[in-house]
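Data block below; observations after.
Predicted model, so just to flag it, every value in this text is computed and none were measured.
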Amino acid sequence: MNILVTGGAGFIGFHLCKKLLENNENIIIIDNFNDYYDIKLKRDRIFELKKFGNFKIYEIDISEFNNLKNVFSENKIDKICHLAAQAGVRYSIENPFVYEHTNNLGTLNLLELCKKFNIKNFIYASSSSVYGGNDSEIFSEIDNVDKPISLYAATKKTNELYAYTYHHLYNINCTGLRFFTAYGPWGRPDMAYFKFTKNILEKKEIEIYNNGEMMRDFTYIDDIVLGIINALEKCYPYEIFNLGNNNPIKLLNFVEIIEKCLDKKSIQKMMPLQDGDVIKTCANIDKAKKMLDFNPKIDMNTGIKNFINWYIKYYNVK
């Protein structure tokens with residue numbers, strides 16, 4: 001199997017590629033190494049992958065159709081795992097056209113090339129953010145997702161619609177994966193757990209939004225990756241799955257876990273709810289359990305400890 005992974009230098013993409021290489025799969029990586037966060041971290045992830053096997057990597061933007069087409073012309077691709085996207089809910093409010101360009105046009109380009117090169121298996125990243133203004137306590141794949149409250153969420157909803165259209169018209173197997181707050185080693189510096197750890201260690205304030213009245217369904221990266229790999233193996237005709245932990249935690253309790261692992265107290269600055277933020281996320285994962293054998297195993301204490309151990313080593317914290 002030759003598997004194309006877009007966004008392979010990103011957090012989830014890196015961990016997926018690492019697992020695929022450990023499983024002796026042939027992978028082709030596409031990433032544009034943009035500067036949304038520290039490019040060095042992305043380069044170091046790719047350097048880390050070289051320990052696990054040989055792979056091809058193309059430093060291109062998925063929104064550039066002709067460059068993307070060259071990758072398809074040069075390689076026999078059996079399956080695609082499309083993880084590349086401009087991430088970040090708040091950043092999408094400030095920079096909307098970046099999201100339209102990368103998330104929507106980039107996904108459309110990939111689906112067009114699936115059609116052109118007769119590639120029948122397309123797995124792609126969606127997000128828990130699509131649930132937006134949903135009133136449900138627990139988010140299920142059958143819930144209505146017509147009320148996105150950030151442009152990022154709207155682009156992910158659009159990706160799901162594009163995928164269904166190409167499945168319907170061209171018989172492409174499309175599986176969308178709605179990730180619920182992935183975290184772990186080699187994570188993204190813009191994520192709360194990363195910023196909290198950094199600022200606590202540096203004795204700086206951490207910003208607590210909505211005065212701490214928030215809950216998140218954090219999902220450890222190894223659990224996310226196993227869900228993706230099972231989706232790649234099964235390649236259903238058209239499905240959408242929640243990949244979450246089904247165990248949301250209060251924001252202030254989450255901070256306490258980080259404090260305990262660091263053996264340091266935080267300096268907290270209470271902030272109002274930010275535009276685009278959802279107050280609570282909680283994944284119903286019954287469908288993923290049944291159809292993807294998805295069964296998250298890593299608890300929050302273990303996951304945060306693993307992240308902090310990596311953080312201290314990577315940044316050479318004394």
Just wondering, do L201 and L262 contact through their side chains at under 4.5 Å, heavy atoms?
yes
Check the pair N75 / Y58 against side-chain hydrogen bond (donor to acceptor under 3.5 Å, both in side chains), numbers first and verdict last.
CA-CA 12 Å; N75 298 277; Y58 292 84; 3.0 Å; yes
For F241 together with F294, are the ring centres under 6.0 Å from each other?
no
With a 3.5 Å cut-off and no angle check, do the side chains of D44 and Y314 form a donor-acceptor pair?
yes
Can you check whether I62's main-chain N or O pairs, donor with acceptor, with N109's side chain at less than 3.5 Å?
yes
Using 30° and 60° as the class limits, which term best fits the ring planes of Y238 and Y164: parallel, tilted or perpendicular?
perpendicular
Ring pair (Phe, Tyr, Trp, His ring centres under 6.0 Å) with W186: of F11, Y311, W310, only one passes, and it is W310
Between K287 (side chain only) and I240 (backbone N and O only), is there a donor and an acceptor less than 3.5 Å apart?
yes
Has the side chain of N95 got a donor or acceptor atom that lies under 3.5 Å from a matching backbone atom of V98?
no
Mark yes or no for whether D31, through its side chain, and A9, through its backbone, hold a donor-acceptor pair below 3.5 Å.
yes
For the side chain of T107 and the backbone of N104, is there at least one donor-acceptor N/O pair under 3.5 Å apart?
no
Look only at the side chain of N242 and the backbone of R178, and say whether a donor-acceptor pair between them is shorter than 3.5 Å.
no
Check: F307 ring centre within less than 6.0 Å of Y183 ring centre:
no
Does any N or O in the side chain of H15 come within less than 3.5 Å of the main-chain N or O of I221, such that one atom is a donor and the other an acceptor?
no
D217 (side chain) donor-acceptor with N246 (main chain) under 3.5 angstrom
yes
Take the angle between the ring planes of F180 and F139 and call it parallel below 30°, perpendicular above 60°, tilted in between.
tilted
